[in-house]
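There's a structure below that I have some questions on.
Here the structure is a predicted model, which is why all the values come from computation and not from measurement. FYI, the numbering just counts along the sequence from 1.
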Amino acid sequence: QVRLVESGGGSVPVGGSLRLSCQASGFTSYSNCVAWFRRPPGKEHEWVASISTWDGTTDYVDSVKGRFRLSQDNAKDTVYLQMDGLEPEDTGMYYCAAAILAKCEDRYYQRDFRYWGLGTQVTVSS
């Protein structure tokens with residue numbers, strides 16, 4: 001059974017940093033697409049970033065480029081999202097999502113990912 005567990009959320013002031021973790025279990029393939037989405041208060045899910053776990057290729061939404069960075073630890077089956085220079089607009093519930101045996105190309109919507117975690121809350125206060 002595929003399971004994704006997020007952690008690392010919290011409340012920080014503007015300019016602060018957080019590192020989110022997405023730990024996966026239940027599948028052995030390393031050729032996956034793992035993404036982070038967020039849902040700001042009162043808004044729809046928004047794709048934030050993706051990483052292709054087989055070669056480490058990453059992609060980011062323009063609003064977080066230069067501030068957020070994805071990395072992975074295959075030994076721990078974990079993907080990390082380092083978030084620096086946080087802004088109030090980054091506030092929201094952050095979700096990890098995975099598409100197994102899939103590339104990240106053209107995957108930017110909820111419907112493109114079958115597996116989801118329960119989310120971790122990020123709050124940035126001004």
Side-chain angles (χ1 to χ4, degrees):
Q1 180 178 357
V2 175
R3 187 171 181 226
L4 302 174
V5 179
E6 303 96 334
S7 62
S11 295
V12 295
V14 170
S17 298
L18 287 171
R19 188 178 78 157
L20 305 185
S21 300
C22 172
Q23 184 167 26
S25 61
F27 57 92
T28 57
S29 168
Y30 290 107
S31 299
N32 311 310
C33 178
V34 176
W36 286 93
F37 284 75
R38 64 187 178 192
R39 188 175 68 190
K43 297 183 179 180
E44 298 296 319
H45 280 75
E46 172 191 29
W47 171 79
V48 176
S50 294
I51 183 167
S52 294
T53 60
W54 73 279
D55 67 354
T57 301
T58 57
D59 192 12
Y60 304 89
V61 68
D62 286 347
S63 61
V64 309
K65 285 181 180 177
R67 301 188 297 120
F68 290 12
R69 184 172 61 86
L70 283 164
S71 61
Q72 60 181 344
D73 185 336
N74 287 340
K76 296 181 178 180
D77 293 327
T78 300
V79 168
Y80 302 99
L81 181 66
Q82 177 67 41
M83 307 188 296
D84 299 321
L86 283 162
E87 303 168 352
E89 293 74 21
D90 296 316
T91 293
M93 184 69 80
Y94 281 68
Y95 299 90
C96 176
I100 307 303
L101 288 173
K103 296 181 179 180
C104 287
E105 187 177 1
D106 295 327
R107 293 182 184 272
Y108 302 113
Y109 300 99
Q110 288 179 264
R111 63 177 180 264
D112 298 325
F113 296 87
R114 179 175 180 181
Y115 301 102
W116 290 79
L118 296 179
T120 185
Q121 177 68 37
V122 171
T123 303
V124 184
S125 56
S126 56

Quick check: do M83 and Y94 have side-chain heavy atoms less than 4.5 Å from each other?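 Result yes, sub-4.5 Å side-chain heavy-atom pair found.
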Please list, chain by chain and in numerical order, all residues satisfying side-chain hydrogen bond (donor to acceptor under 3.5 Å, both in side chains) with R67, sequence neighbours excluded.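 Checked R67 against side-chain hydrogen bond (donor to acceptor under 3.5 Å, both in side chains); matches are D90.
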Q121, CD: over 12 other non-hydrogen atoms inside 6.0 angstrom: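 It does: Q121 CD has more than 12 such atoms within range.
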What is the minimum heavy-atom distance between F113 and A35, and which atoms define it?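 Smallest interatomic distance, heavy atoms only, reads CZ-CB, 3.5 Å.
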Main chain of V124, side chain of T91: is a donor-acceptor contact present, judged purely on distance under 3.5 Å?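 A pair under 3.5 Å: yes.
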I51: which of N32, L81, D59, T58 passes side chain to side chain contact (heavy atoms under 4.5 Å, CB included):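 When side chain to side chain contact (heavy atoms under 4.5 Å, CB included) is applied between I51 and each of N32, L81, D59, T58, only T58 qualifies.
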Taking the six-membered ring for Trp, are F37 and W116 parallel (under 30°), tilted (30 to 60°) or perpendicular (over 60°)?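 It falls in the tilted class, 30° to 60°.
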Please report the interatomic distance CG(L86) to OG(S125), rounded to the nearest 0.5 Å.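 Between atom CG of L86 and atom OG of S125 there are 10.5 Å.
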Verify same cluster id: V5, L118 (apolar side-chain graph, 4.5 Å):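 Shared cluster, no.
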My understanding is that only residues two or more places apart in sequence, or in another chain, count here; which of them pass side-chain hydrogen bond (donor to acceptor under 3.5 Å, both in side chains) with T57?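 Counting only residues at least two positions away or on another chain, T57 forms a side-chain hydrogen bond (donor to acceptor under 3.5 Å, both in side chains) with D55.
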Test log, rule side chain to side chain contact (heavy atoms under 4.5 Å, CB included), inputs F68 and L18: CA-CA 10 Å; F68 290 12; L18 287 171; over 6 Å; no
Enumerate the residue pairs fulfilling side chain to side chain donor-acceptor pair (under 3.5 Å) with a member in residues 71-87, sequence neighbours excluded, ordered by first and then second residue.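 Residue pairs with at least one partner in residues 71-87: S17-D84, Q82-D84.
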Taking the side chain as every heavy atom from C-beta outward, state whether V34 and L4 have any pair of such atoms under 4.5 Å apart.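 Not touching, per the 4.5 Å side-chain cut-off.
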Single-linkage hydrophobic cluster M93~Y115, side-chain heavy atoms < 4.5 angstrom: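 M93 and Y115: separate clusters.
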Any idea which heavy atoms bring S126 and P88 closest together, and the distance?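 Answer, listing the atom of S126 first, then P88: CB-CG, 4.1 Å.
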Minimum heavy-atom distance G9-V122, with the two atoms named: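 G9 and V122 have their closest heavy atoms at CA-CG2, 4.3 Å.
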Atom OH in Y60, atom CG in L70: separation rounded to 0.5 Å?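 Going from the OH atom of Y60 to the CG atom of L70 covers 4.0 Å.
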Please report the shortest heavy-atom distance between A99 and R107, naming the atom on each side.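 Answer, listing the atom of A99 first, then R107: CB-NH1, 3.8 Å.
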Non-neighbouring partners of Y109 that pass side-chain hydrogen bond (donor to acceptor under 3.5 Å, both in side chains), sequence neighbours left out: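 Result, side-chain hydrogen bond (donor to acceptor under 3.5 Å, both in side chains) vs Y109: none returned.
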Disulfide bond (SG atoms under 2.5 Å apart): which pairs involve residues 67-99, sequence neighbours left out?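 Qualifying pairs: C22-C96.
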Give a yes or no on whether the ring-centroid distance for W47 and Y108 is below 6.0 angstrom.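 Yes.
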Can you sort out the partners of E46 under side-chain hydrogen bond (donor to acceptor under 3.5 Å, both in side chains), two or more places apart, ordered by chain and number?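 Here the qualifying residues are R38.
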